[in-house]
Amino acid sequence: MNLLANLNPQQQQALTAGTGPVLVLAGPGSGKTRVLTNRIAYLISHLGVRPYNILAVTFTNKAARQMQQRVEELLGENLRGLSLGTFHATCARLLRREADYLPFKSSFVIFNDDDQRNLVKRALREFDIDEKRYRPHSVHGSISRAKNELILPAEYPNTNYRDEVVARVYTRYQELLLSSNALDFDDLLMWTARLLEEQPAVREKYSRRYEHVLVDEFQDTNMAQYLLLKHLAAFHRNIFVVGDSDQSIYRWRGADHRNVQRFEQDFPDAQVILLEHNYRSTQIILDAAMAVIDRNPHRTRKSLFTERGSGDKIILQEVFDGREEASFVVNSIAQEVLQGAEPGNFAVMYRTNAQSRQLEEAFLQANLPYKLVGAQRFYGRREVKDILAYLHLVYNPENETSLLRVINTPRRKIGNKTLEDLRTLAINENTSLSAILLDLAQGEGSEFYGSFTRGAGLALSRFGDLLTGWRALINDLPPLGLMDRILNDVDYQSYLDDGSEEGIDRWDNVLELRRLAAEYSDRGITDFLQDIALVSDQDTLDETANVPTLMTLHAAKGLEFPVVFIAGLQDGTLPHVRSFDDPEAMAEERRLLYVGITRAKDRLYLLHALNRSTYGYTEPSDPSRYLSDIPDELVEGGNQVLIGKPSRTVRADLWEAASPASPVPVLQSEYKAGMQVRHPAWGEGMVLNSKIQDGEEIVDVFFEDKGLKKLAASLAKLELVNTNQ
DNA sequence: GCATCGGATTTTTTT
DNA sequence: AATCCGATGC
């Protein structure tokens, strides 16, 4: 096996770098995954490091799986003992093993978004805090940020009233989590970092074990992750990190690309290796990407280059609105597929999830299949959530969110009044809802039975009885067996079957979940529930389907496609309005576009709409400011407008295309809002708007003396005075 | 206890 | 436009 074959000198240098800290700054498409996987293989095969002594962490399960697979291919041997996984899964494993040091049991569950938000709500209600003023979502965001920064409830800053509220809720939220024997996503990182920080014995154990620590997407690490990595690598100091500050797009979730600089400070002896050779894109695409990213301040410039040649120009397409944009995308893809292109070669990317709807509609209307990354399509389904809540409840009866979700699903005549009584009783008895339910299972023998009306008592008792039955099975049945038993006991299928098509769809999803559960007969329910809690959007991507992919720019990171459409390039969408007043956030918007552009291998379409709809209202919009940063010579206007409804309904599997409309030449706007221009008669004025109408550029100019004038750019002899960017 | 209606609110990005 | 929440009436 020659691990060095097919690697360029920089990649080889990274691969064979000796011991000590190594920082690999890897541009997009520069083969960083390859470097990481070959490095692991190299450590094992050439340096004789045992897999047991290696830790490699990624951000997504998909990346982890890919790495595992490639290392196995390279070595052709068993990697027993190798720790390779996502940050969250790695932390979960460590915390389960070291639970003796911690205030929760090793059987803890991981709460999902719903569970987390529910706990915040409960805490808010307990303190009688107005949920309108303090949105659970926003309060949770503050708590999450604190955890990522390793700030404990007691340490939460107290500079204004909101802080004070958050601190109180944070404190209570943590208590509620612990009383449910549950952790949230951030806890996994925070508890691990704190454990390693505070327990020298544990730190010693793991940092001695992990002779080599390797990290993917290092620029996306937050404080907690950085600290725990530092501790894990404390003994051997062999830490090999790969990242690209320009692709840091998770600042809002605590990621701090300055960790790259921090790394250089904390490990001054680090070898720094730069990977600039790009193996993915054409030079035109790389040039456009660099033109966009070079405008960000405080960065180390990279010059990406390729040997693939310049390639096709970027196609810039102006469309009327989101609908037309979607049609354009679908028609363009359909036409290329007609000419022999693989449907799976195409990807459509956008800034916000909401933008996917119109695109999906266009695909559906044309009867063309597509796949959508993320948005929790499967796990967000009501029926899937229901079944998982049942399993969670059986596994961990203290999980009140799950209990409340399923106690009356399907309907069991347990309504709000009964639940309120149950809660009051639980508080008075200083116990949990489930404990009372389980006791009520005895029926009249229960001391609580008399606390309810006859109907309510009976309904609760019945449910308690069901729960007791399932509890008894949990250690004897695999996840699928338990699931089937529950489905059967509650007659879930007839609950879903309301005679509608949707009911059948829903049952299909249940069957899909059964298939998933079947894979866990060896590993058991703990792993089943944990893995589901930690699936990422990218993980749900079905790579076998040869159809176009729709996804947010965030979800696109790490992926590549021959042809990429980036939709919705308007100011306010990308960059997003919510970032306007924060320079750091604006820099990140730019990086987001950079990530999007660099996903493209051969061809790139950039689309912007003249009108955008938000909240159901439509208003005019300006092209994204980033578009003007891309040099004109890299771009051509779309010269085939394939707009209009995909006119024929076609069989999806054939991928026949809609008939193309007659080609119409498309102009590019020469003038943009904010430009200063001079008119021969009216003097200086400012461009307020410019649009293409009937093959003509119409510019709105405001003149001090004359007021607003609409001019045809080709006729009015306008002179550019000063471009105000 | 449950279905229905109207109004408010939402959209930034996710492990 | 779509979803969530609370109030209302049966």
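Reminder, nothing fancy here: chain letters follow the sequence lines and each chain counts from 1.
- The distance from atom NE2 of A/H257 to atom P of B/dT13 is 22 Å, rounded to the nearest whole Å.
- Among C/dC5, B/dC2, B/dT15, the nucleotide with an atom closest to any side-chain atom of A/K121 is C/dC5.
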Atom pairs under 3.5 Å, N or O on each side, protein against nucleotides 4-11 of chain B: can you list them with distances?
from   : atom 1 : to     : atom 2 : distance (Å)
B/dT10 : OP1    : A/R135 : NE     : 3.1
B/dT10 : OP1    : A/R135 : NH1    : 2.3
B/dT10 : OP1    : A/R135 : NH2    : 3.3
B/dT11 : O3'    : A/R578 : NH1    : 3.3

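- Going from atom CG of A/D130 over to atom P of C/dC5 covers 14 Å, rounded to whole Å.
- A donor-acceptor pair shorter than 3.5 Å cannot be found between the side chains of A/N399 and A/S180.
- The aromatic rings of A/F565 and A/F328 lie perpendicular to each other, with more than 60° between the two planes, well past the 30° mark.
- Here CG of A/D113 is found 7.5 Å from CZ of A/R117. Values are rounded to the nearest 0.5 Å.
- Checking A/E360 against A/Y370 by side-chain atom types alone, a donor-acceptor pair falls below 3.5 Å.
- In this structure, the CG atom of A/L183 is 18 Å from the P atom of B/dT15, given to the nearest Å.
- Straight-line distance from the NE2 atom of A/H554 to the P atom of B/dT15: 11 Å, rounded to whole Å.
- Across B/dC2, B/dT13, B/dG1, the shortest atom-to-atom separation from the side chain of A/N353 is found for B/dT13.
- Taking a cutoff of 4.0 Å between a charged side-chain nitrogen and a carboxylate oxygen, A/D256 and A/R251 do not qualify as a salt bridge.
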